[in-house]
Amino acid sequence: MPELPEVETIKNMVKGVLLDSIIEKAEIRQRKFREEIPQNFAQIVEKQKVVALRRIAKYMLIDLSNGYTVIWHFGMSGKFRIFAAKPEVLGKHDHVIITTDKGVLVYNDTRRFGLITYCETAKISENHLLGKLGLDPWDEKLTAEYLLAKLKNKKQPIKLGLLDQEIICGIGNIYASEILYKARIRPDREGDSIKKTEAEKIVLYTREILQKAIEAGGSTIHDFKNPDGDTGYFQNQLCVYGKSGERCPDCVCNLKTGGIKKIVQGSRSTFFCETLQK
DNA sequence: AGTGAGGCCTGAAAGC
DNA sequence: TGCTTTCAGGCCTCAC
C-alpha cells in the first residue's frame, strides 16, 4: 500500500516513540513476510539506541547505536499504531511489537507483503533490497536528461517506467497515474517516445505531487492509516486515480467522451484522461 | 536483456 | 441471504 508519501508520513509519526529511544523489546508473533524476519532480529535490536530514522524509496530505516540498521517495508497493507503501553488485546494481524522507553509500536500487516530485516549501516548501499534502487525524487541528479537516458529504447509504457524503482524510487500506482495526468502524457506511450519537454514535466510533477501528498499526510484509498489511526487527506486532491467515468478536474470536454478511462498495465489499474493526455 | 503473467496473502466489495 | 469472483498504495520469480 504505502507509496513514498505514506512511508514519509509513517516515519514522521513514529519519530516520537523511536528517535533517541532505547529499544527494550522486539516481540515477533509472525516471521513470515516477503522475506522471513531473521531469527536473531530481536537480539540485534534490543537494548540499542535509535540514532536516526530515514526513508529510502518506500523503505523506512532505523539506525541503531550498534552499527546496524533496521530495514522496514510496509508492502500493501503494513501499518503502525502507537501506544503508551502494550495493549492487552492484540489483533489477528498485529505481527510485531516494538517497545521502547518512549512508547510502544504495534506493526499490523494483513497481507504480509511487508518486510522487516536489518543490515550493517555501513553496507546499506550493497544491500540486495536497497542497493539497486534508482534516484530519490528530490535527488538533484534526477533531471530530464537522466530520465531520457533511462527510457532510451524502452518499449514499455511510460507508466510502468515510473513504477520501475530502479529508475526513480518511491513512485507507486496511485501517484504514477497522477503524475502523468499533470504532465499531460498518455500512460500507454512507449518509454522511448518521451520528449525532453515531457521528461521535464515528469520530473517537475513527480516532486510537486509527492511533496503535496506528504504535506497532506498521504492518501487513503482503501485502508491506509497513519500511526495515530487517522487517514491521509491527499485522496481529496487526486485528479484521476480511481475516478473512471468521472470528468477530470481540468477537462474542457463533456462526459460524452466517457470521462476518465481505466486501463490495465502490468496487471495494475491506470487512470487517465484521453482528451488532455497526449 | 527485456517483458508479461503469475504468485505471495487476506479481506472488502461487487456480482450473481 | 449466501456463495463466488474481483480487486487492492508492492514486488519478486519464472517463463518466453
Side-chain angles (χ1 to χ4, degrees), chain A residues 1-11 29-37 55-60 71-80 91-95 107-117 127-134 137 150-180 187-188 190-192 206 209-210 212-214 216-226 230-245 262-271:
Chain A
M1 74 164 333
E3 304 182 40
L4 185 155
E6 290 76 33
V7 177
E8 190 70 24
T9 299
I10 293 169
K11 188 199 79 179
R29 307 171 76 226
Q30 165 67 265
R31 263 178 211 285
K32 290 189 169 58
F33 292 89
R34 193 172 110 207
E35 286 182 12
E36 196 157 307
I37 300 179
R55 178 196 57 73
I56 294 182
K58 300 170 195 170
Y59 292 89
M60 184 175 88
I71 301 170
W72 208 305
H73 191 280
F74 301 91
M76 292 280 260
S77 57
K79 52 186 88 63
F80 279 125
K92 186 175 172 186
H93 303 294
D94 289 338
H95 299 310
Y107 179 65
N108 180 290
D109 190 347
T110 311
R111 297 175 69 182
R112 283 189 277 126
F113 290 171
L115 180 156
I116 307 159
T117 189
N127 182 269
H128 70 286
L129 299 164
L130 305 172
K132 287 194 300 181
L133 289 169
K150 289 290 183 184
L151 294 174
K152 202 175 174 191
N153 299 327
K154 276 225 186 264
K155 296 299 164 199
Q156 253 187 338
I158 181 62
K159 156 81 169 354
L160 298 183
L162 291 189
L163 289 178
D164 184 346
Q165 302 298 300
E166 295 183 22
I167 301 178
I168 303 173
C169 66
I171 300 173
N173 201 40
I174 295 179
Y175 299 113
S177 282
E178 294 295 313
I179 290 163
L180 289 173
D188 52 1
E190 289 182 355
D192 70 355
T206 295
I209 289 171
L210 295 181
K212 283 187 179 168
I214 291 169
S219 297
T220 298
I221 303 297
H222 293 281
D223 61 352
F224 173 69
K225 294 272 178 66
N226 70 35
D230 301 323
T231 62
Y233 294 97
F234 193 74
Q235 67 276 12
N236 301 323
Q237 297 177 53
L238 295 176
C239 295
V240 289
Y241 184 85
K243 295 183 187 290
S244 46
K262 174 180 168 175
I263 56 173
V264 173
Q265 298 179 290
S267 50
R268 328 260 335 250
S269 298
T270 302
F271 300 86

Expressed as a whole number of Å, how far does the P atom of dG6(B) sit from that of dT6(C)?
13 Å
Distance check: side-chain N/O of S269(A) vs OP1/OP2 of dA8(C), anything under 4.0 Å?
yes
Between R29(A) and D94(A) (side chain of the first, backbone of the second, donor and acceptor by atom type, cut-off under 3.5 Å), is there such a pair?
yes
Output the single nucleotide from dG9(C), dC9(B), dG11(B) whose closest atom is nearest the side chain of R112(A).
dC9(B)
Salt bridge or not for D192(A) and K155(A), using N-O below 4.0 Å?
yes
Using a heavy-atom cut-off of under 4.0 Å over every strand shown, decide if Y175(A) touches base, sugar-phosphate, or nothing.
nothing
N-glycosidic conformation, dG4(B) - syn within 90 degrees of 0, else anti
anti
Within this structure, what is the CZ-to-C1' distance between F113(A) and dA8(C), rounded to whole angstrom?
9 Å
Which nucleotide, dG9(C), dG4(B), dC8(B), lies nearest any side-chain atom of L160(A)?
dG4(B)
Considering only atom P, compute the distance from dC11(C) to dA1(B) and round it to an integer number of Å.
24 Å
Among dA8(C), dT3(B), dG10(C), which is the nearest nucleotide to the side chain of K155(A)?
dT3(B)
Closest listed nucleotide, where the reference is the side chain of H93(A) and the choices are dT3(B), dG10(C), dG11(B):
dG11(B)
Can you tell me how far P in dC9(B) sits from the matching atom in dC14(C), rounded to whole Å?
15 Å
Looking at the side chain of T220(A), which of dG9(C), dC9(B), dG4(B) is the nearest nucleotide?
dG9(C)
On the side chain of R268(A), is there an atom forming a donor-acceptor pair with the base of dA8(C) - under 3.5 Å, no angle test?
no
By the 4.0 Å heavy-atom rule, please label T110(A) as base, sugar-phosphate, or nothing.
sugar-phosphate
Are side-chain N/O atoms of N173(A) and K159(A) paired as donor and acceptor at under 3.5 Å?
yes
R34(A) side chain, from C-beta outward: closest of dG10(C), dC7(C), dC12(C):
dC12(C)
From dC12(C), dG6(B), dT10(B), nucleotide with atom closest to R111(A) side chain:
dT10(B)
Could you give the distance from CD1 (I168(A)) to OG1 (T206(A)), rounded to the nearest 0.5 Å?
5.0 Å
